[in-house]
Engineer: 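Got a structure for you, questions after.
Just the heavy atoms: all of them, side chains too, but no hydrogens, waters or symmetry mates, feed the values below. Positions are given from 1, in the same order as the sequence printed here. Here the structure is a predicted model, which means the values were calculated and not measured.
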Amino acid sequence: MASIKDKFNIMGALSQAGVDEANREFYGRITYPWPQMTYPSYADPHVGTVFLNQELGDWAHGRVPARPRIWVAGCGSNQATLTALRFPRAEIVATDISAPSLAACEANLAQLGVRNVRLQEQSINDAGFREEFDYVICTGVIHHNADPSAPLARLGAALRPGGVLELMVYNYYHRILTTAYQKAMRHLFGDSTTDLDEQLDVTRALMNDFPVENTMHYYLRQQKDESREYLADSFLQPVEHSYTVETFVELVEGAGLEVLLPAMSVFDKDAGRLAWNVAFRDPEVARRYDALPDYERWQASNLLMVERSPTIYFYVQRRDSGFARKSEREVCGEFLETRFERYGTTINNFVSSGGDYALSPAPVPHPSPRLPVEQTARNVFKWADGGKTVGEILAELGVEPTFHTVNTLRTQLTTPLFPYLKAVAAR
């Protein structure tokens, strides 16, 4: 059996405290992520909670309250600001291990006049929150730990009994080449991050002239125009784990939590890999695949779609939350029996100019584009006026409500990345 060190970049993962110190040093030398060009301010103060709840399959919009207490764990320089603008009535605590990232975040919050965020320099491993938060956001963080189960336990402890954790870790099939490169750099440079600039120079040189014509050659060449921060985080991270759906579920359940439903990432949206469910054309394959429970179906998709599968990005709850987990098929059934109205609001963008942000006076529509792109979704959107359920609309349109069709409509009409329809009457 292959050693776990053959799969992941954990050569330097000698201790949890040691990795924290390596990450503190690493992110002290880069401000990650790089500055946003725009920050969106929403006219509707409820847009965040309404569409978060709908992605969770809550059509009554009550699972995450209208004034939630939120922890952004590992906020970097941008995520606390984006969260505060999306949830303007929330009370937000944002923590990070990097002082420079928090300083950049603090400056941005001040420029935008955002006052509902408390920043704190802290590792998740040192957090002592107990049942304090309705909603915890932790994306792209715990996989940079010696033992990711340790920070995950802290995140779970911070949730109120009915709270929800939004959790993202790397997809194993997305990270094979970057992990190989990270480990090669550790052989060349050792464990120190103090020579980060030299490592970046070497990386740039290899991107321009790699001597072997293989998959690494083509991958490096594709990334050569990316920013310093992107290259450092992707190719030079000190410690990194990655997961399949199966190993992610094992990690979550080992912490006394359970996976609810997929969360959709803007990065997956841009890459065109939103769906965990595959529409197989062969009827026997489709029958067997559709009959699988959620976790097995998503794992089969992970194995078959490999690098085209989405990020491992899911909503999670405490196993003792009091809310019975609903399968994706059950959520789709409730979606069919719910009435919706067309939704729309506006955004005023804070636009960067010379490092400072100024509020654009011209509002832009949200969602954008104003009409769904996919034709069936567009037809349902046009018919949604609060009078008929989605099932009734599909019957009028002559659309067969297969699981794949309904789930695609649910995700591309009622979720934070596609906020086209707002539920007006639960089942």
Engineer: Restricting to non-hydrogen atoms, name the atom on G57 and the atom on L261 that form the minimum distance, rounded to 0.1 Å.
Structural biologist: N-CD1, 4.3 Å
Engineer: Under the side chain to side chain donor-acceptor pair (under 3.5 Å) test against T178, which residue among Q182, R175, H174 passes?
Structural biologist: R175
Engineer: Any carboxylate oxygen within less than 4.0 angstrom of a Lys/Arg side-chain nitrogen, looking at D44 and R86?
Structural biologist: no
Engineer: Between Y357 and T38, does any side-chain donor sit less than 3.5 Å from a side-chain acceptor?
Structural biologist: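 Note: Y357 and T38 side chains miss the donor-acceptor criterion.
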Engineer: Below 4.5 Å, heavy atoms only, C-beta onward: do V316 and V164 meet side chain to side chain?
Structural biologist: no
Engineer: Do any N or O atoms from the side chain of R160 and from the backbone of R130 form a donor-acceptor pair under 3.5 angstrom?
Structural biologist: no
Engineer: Taking the six-membered ring for Trp and the full ring for Phe, Tyr or His, determine whether the centres of W298 and F314 are under 6.0 Å apart.
Structural biologist: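 Yes: the rings meet the under 6.0 Å criterion.
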Engineer: Tell me whether the centres of the aromatic rings in Y170 and Y243 are closer together than 6.0 Å.
Structural biologist: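 No, the ring centres sit 6.0 Å or more apart.
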Engineer: Determine whether Y313 and T139 make a side-chain contact, defined as any pair of heavy atoms from C-beta on separated by less than 4.5 Å.
Structural biologist: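 Yes, close enough: below the 4.5 Å cut-off.
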Engineer: With a 4.5 Å cut-off on side-chain heavy atoms, are Y39 and N108 touching?
Structural biologist: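 A side-chain contact under 4.5 Å exists here.
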Engineer: Both conditions, 6.0 Å and 45 degrees, for the charged tip of K422 above the ring of F51: are they met here?
Structural biologist: no
Engineer: How close do L421 and A384 get, heavy atom to heavy atom, and via which atoms?
Structural biologist: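 Taking every non-hydrogen atom into account, CD2-CB, 3.6 Å.
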Engineer: Closer than 3.5 angstrom, by distance alone: can the side chain of N348 be matched with the main-chain N or O of S360 as a donor-acceptor pair?
Structural biologist: yes
Engineer: With a distance cut-off below 6.0 Å to the six-membered ring centre and an angular limit of 45° from the axis, does R342 pair with Y420 as a cation-pi contact?
Structural biologist: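 Here R342 fails the 6.0 Å and 45° test against Y420.
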Engineer: Is there a donor-acceptor contact under 3.5 Å linking the side chains of S101 and D96?
Structural biologist: no
Engineer: For a 4.5 angstrom cut-off between non-hydrogen side-chain atoms, does V47 reach H366?
Structural biologist: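 Yes, side chains in contact.
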Engineer: Please round to the nearest 0.5 Å and tell me the distance separating atom CG of L274 and atom CG of L417.
Structural biologist: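 It comes to 7.0 Å.
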Engineer: Do you know which two heavy atoms are closest between F350 and S41, and how far apart they sit?
Structural biologist: CE1-CB, 3.8 Å
Engineer: Where is the tightest heavy-atom contact between S77 and P33, given as atom of each residue plus distance?
Structural biologist: OG-O, 2.5 Å
Engineer: Within the structure provided, determine whether E198 and F189 are in side-chain contact (heavy-atom separation under 4.5 Å).
Structural biologist: yes
Engineer: Is the shortest side-chain heavy-atom distance between M207 and R221 below 4.5 Å?
Structural biologist: no
Engineer: Between S98 and Y27 (side chain of the first, backbone of the second, donor and acceptor by atom type, cut-off under 3.5 Å), is there such a pair?
Structural biologist: yes
Engineer: Do any N or O atoms from the side chain of E166 and from the backbone of Y315 form a donor-acceptor pair under 3.5 angstrom?
Structural biologist: no
Engineer: Does E131 pair with R318 as a salt bridge, N-O distance under 4.0 Å?
Structural biologist: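 Yes, this pair counts.
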Engineer: Taking atom CD of E91 and atom CZ of R69, what is their separation to the nearest 0.5 Å?
Structural biologist: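 With rounding to 0.5 Å, CD (E91) is 4.5 Å from CZ (R69).
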Engineer: Say whether, by atom type as modelled, one donor and one acceptor occur between the side chain of D320 and the main chain of P161 under 3.5 angstrom.
Structural biologist: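 No; zero donor-acceptor contacts below 3.5 Å.
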Engineer: Could you walk me through whether R378 and Q412 satisfy the side chain to side chain donor-acceptor pair (under 3.5 Å) test, starting with their C-alpha distance in whole Å, then the side-chain angles of each, then the deciding distance to 0.1 Å, before giving a yes or no?
Structural biologist: CA-CA 10 Å; R378 179 175 295 195; Q412 296 194 11; over 6 Å; no
Engineer: Once side chain to side chain donor-acceptor pair (under 3.5 Å) is applied, do any residues pair with Y218, and if so which ones, sequence neighbours excluded?
Structural biologist: E213
Engineer: So how far is it from L152 CG to I124 CD1, rounded to the nearest 0.5 Å?
Structural biologist: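 L152 CG to I124 CD1: 9.5 Å, rounded to 0.5 Å.
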Engineer: Keeping the roles fixed (side chain from N302, backbone from V245), state whether a donor-acceptor pair exists under 3.5 Å.
Structural biologist: yes
Engineer: Answer yes or no: is there a donor N or O on one side and an acceptor on the other, between the side chain of T405 and the main chain of P401, under 3.5 Å?
Structural biologist: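 Flag not set: sc T405 to bb P401 has no pair under 3.5 Å.
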Engineer: Considering non-hydrogen atoms only, spot the tightest contact between V306 and L303 and give its length.
Structural biologist: CG1-O, 3.3 Å
Engineer: Using side-chain heavy atoms (C-beta onward) and a distance below 4.5 Å, is T179 in contact with E240?
Structural biologist: yes
Engineer: Begin from the C-alpha positions of Q16 and N125 and carry the test side-chain contact (heavy atoms from CB on, under 4.5 Å) through to its verdict.
Structural biologist: CA-CA 8 Å; Q16 199 77 339; N125 295 307; 3.0 Å; yes
Engineer: Kindly indicate whether a cation-pi arrangement holds for R329 with F403, taking the cut-offs as under 6.0 Å to the six-membered ring centre and within 45° of the axis.
Structural biologist: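 The answer is yes; both the distance and angle limits are met.
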Engineer: Hey, is the main chain of Q122 close enough, under 3.5 Å, to the side chain of Q120 for a donor-acceptor pair?
Structural biologist: no
Engineer: With a 6.0 Å cut-off (strictly less than), is the heavy-atom count around CZ of R288, excluding the residue itself, greater than 12?
Structural biologist: no
Engineer: Is any NZ, NE, NH1 or NH2 atom of the basic residue among D126 and R154 found under 4.0 Å from an Asp or Glu carboxylate oxygen of the other?
Structural biologist: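 No.
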Engineer: Looking only at heavy atoms, what is the nearest atom pair of R370 and G344, with distance?
Structural biologist: NH2-CA, 3.2 Å
Engineer: For the residue pair T346 / Y42, report whether a side-chain donor-acceptor contact shorter than 3.5 Å exists.
Structural biologist: no
Engineer: Do T49 and H61 make a side-chain contact, defined as non-hydrogen atoms from C-beta onward lying under 4.5 Å apart?
Structural biologist: no
Engineer: Taking G163's backbone N and O only, do any of them form a donor-acceptor pair with D134's side chain (distance below 3.5 Å, no angle check)?
Structural biologist: no
Engineer: Which class fits the ring pair F340 and W59: parallel under 30°, tilted 30 to 60°, perpendicular over 60°?
Structural biologist: perpendicular
Engineer: Looking at E334 and K326, is any side-chain nitrogen of the basic one under 4.0 Å from a carboxylate oxygen of the acidic one?
Structural biologist: yes
Engineer: If we check salt bridge (charged side-chain N to carboxylate O under 4.0 Å, His left out) with R410, which of these qualifies: E328, E55, E330?
Structural biologist: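 When E328, E55, E330 are each tested with R410, the salt bridge (charged side-chain N to carboxylate O under 4.0 Å, His left out) holds only for E328.
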Engineer: Quick check: does any side chain N or O of N145 sit under 3.5 Å from a backbone N or O of D147, one acting as donor and the other as acceptor?
Structural biologist: no
Engineer: Can you tell whether the side chains of R204 and D201 come within less than 4.0 Å, N to carboxylate O?
Structural biologist: no
Engineer: At what distance, to the nearest 0.5 angstrom, does CZ of R186 lie from CG of L236?
Structural biologist: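 R186 CZ to L236 CG: 10.5 Å, rounded to 0.5 Å.
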Engineer: Could you tell me the separation between the OG1 atom of T81 and the CD atom of E106, rounded to the nearest 0.5 Å?
Structural biologist: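 The distance works out to 10.5 Å.
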